[in-house]
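Have a look at the structure below before the remarks.
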Amino acid sequence: MRSEERAGIISVVMLFLWGTLIAEPFHIFVRFNASLVTYALRGLGAGDIITSIGLYLITVLIIVLMQKLSQTRFSSYMPCAVSVIYIAMLIVRSLVKHSVDYREAICLAVPAVIGVILYLTRFEKGLIWFTDIYTYSPAVALLNALVFVPLARLNGVVDKILYITNYNDLYITESFSGLAGIPELVWGLFLAAFAAFPVIYLAASGRRK
């Protein structure tokens, strides 16, 4: 299967699962990144719009970087490496707060174990799919934040239908609402279209099969 076909299948499935517990490990991945970026920018005195732009650009950068890494020989190690990094971050945060979030710990441990099993059994096709799930989960989170969250705000009916918006981890479009007289959804669509170009290009040019 070609890389762009795999990316499309994973993205569609992840969109449907994004509002469920199954996707929680990937929510944690996106949430940790967003928290770090927001904390750093707020610490530098950035306002709402600058923080939103910074969060948007860094999220796109993370997506592009992970896509590039997924096309290298190190791609098989990505799921385990990401899991280890965020488990370590959870441990540090738990030590600082003197409390453990057992739900997050379990949600991070499960994909880490799956990754180790796939790696030890040398199930290469499984590793490719598992790596791409990690690779495109930030893209799904970004699409949700830029398009579906503003769309859900249009009325209560849409909000109930788009259940995936109940688990938004990226707060980007709110600060753009009404800026230059442009609605929040239009800003979101513009930012989503701008981010789509490098993501689609890298997915189509992927060397892995």
Q) Between Phe148 and Leu15, does a side chain to side chain contact (heavy atoms under 4.5 Å, CB included) hold up when you go through it step by step? A) CA-CA 10 Å; Phe148 293 108; Leu15 270 175; 3.9 Å; yes
Can you give each donor-acceptor pair under 3.5 Å made by side-chain atoms of residues 178-190, sequence neighbours left out, with the distance rounded to 0.1 Å?
from: Glu184; atom 1: OE1; to: Arg153; atom 2: NH1; distance (Å): 3.3
from: Glu184; atom 1: OE2; to: Arg153; atom 2: NH1; distance (Å): 2.3
from: Glu184; atom 1: OE2; to: Thr173; atom 2: OG1; distance (Å): 2.6
from: Trp187; atom 1: NE1; to: Phe176; atom 2: O; distance (Å): 3.3
from: Trp187; atom 1: NE1; to: Leu179; atom 2: O; distance (Å): 3.2
from: Trp187; atom 1: NE1; to: Ile182; atom 2: O; distance (Å): 3.4

Q: Scan for salt bridge (charged side-chain N to carboxylate O under 4.0 Å, His left out) pairs involving residues 139-152, sequence neighbours excluded, and state none if there are none.
A: none
Q: List in chain and number order the residues that pass ring-ring contact (aromatic ring centres under 6.0 Å, His included) with Phe26, two or more places apart in sequence or in another chain; answer none if no residue qualifies.
A: Tyr134
Q | Residues that Val84 engages under side chain to side chain contact (heavy atoms under 4.5 Å, CB included), provided they are two or more places apart | A | none
Q) What residues form a side chain to side chain contact (heavy atoms under 4.5 Å, CB included) with Ile50, not counting sequence neighbours? A) Ala46
Q: Decide yes or no for Thr135 and Asp132: does some side-chain heavy atom of the first lie under 4.5 Å from some side-chain heavy atom of the second?
A: yes
Q: Scan residues 32-61 for pairs that pass ring-ring contact (aromatic ring centres under 6.0 Å, His included), counting only residues two or more places apart or in two chains.
A: Phe32-Tyr86
Q. Side chain to side chain contact (heavy atoms under 4.5 Å, CB included) with Ser175: which residues, sequence neighbours excluded?
A. Asp48, Ile49, Ser52
(Q) Taking side chain to side chain contact (heavy atoms under 4.5 Å, CB included) as the definition, give me every residue that meets it alongside Phe123, ordered by chain and number, with sequence neighbours left out. (A) Leu118, Thr121, Lys125
Q) Applying side-chain hydrogen bond (donor to acceptor under 3.5 Å, both in side chains), which residue pairs with at least one partner in residues 188-199 are found, sequence neighbours left out? A) none
Q. How far does CD1 of Ile53 sit from CG of Leu41, to the nearest 0.5 angstrom?
A. 10.5 Å
**Q.** Hydrophobic cluster (4.5 angstrom, side-chain heavy atoms) - remaining members for Val113
**A.** Ile117
Q) With Asp169, which residues qualify under side chain to side chain donor-acceptor pair (under 3.5 Å), at least two apart? A) His27, Arg31
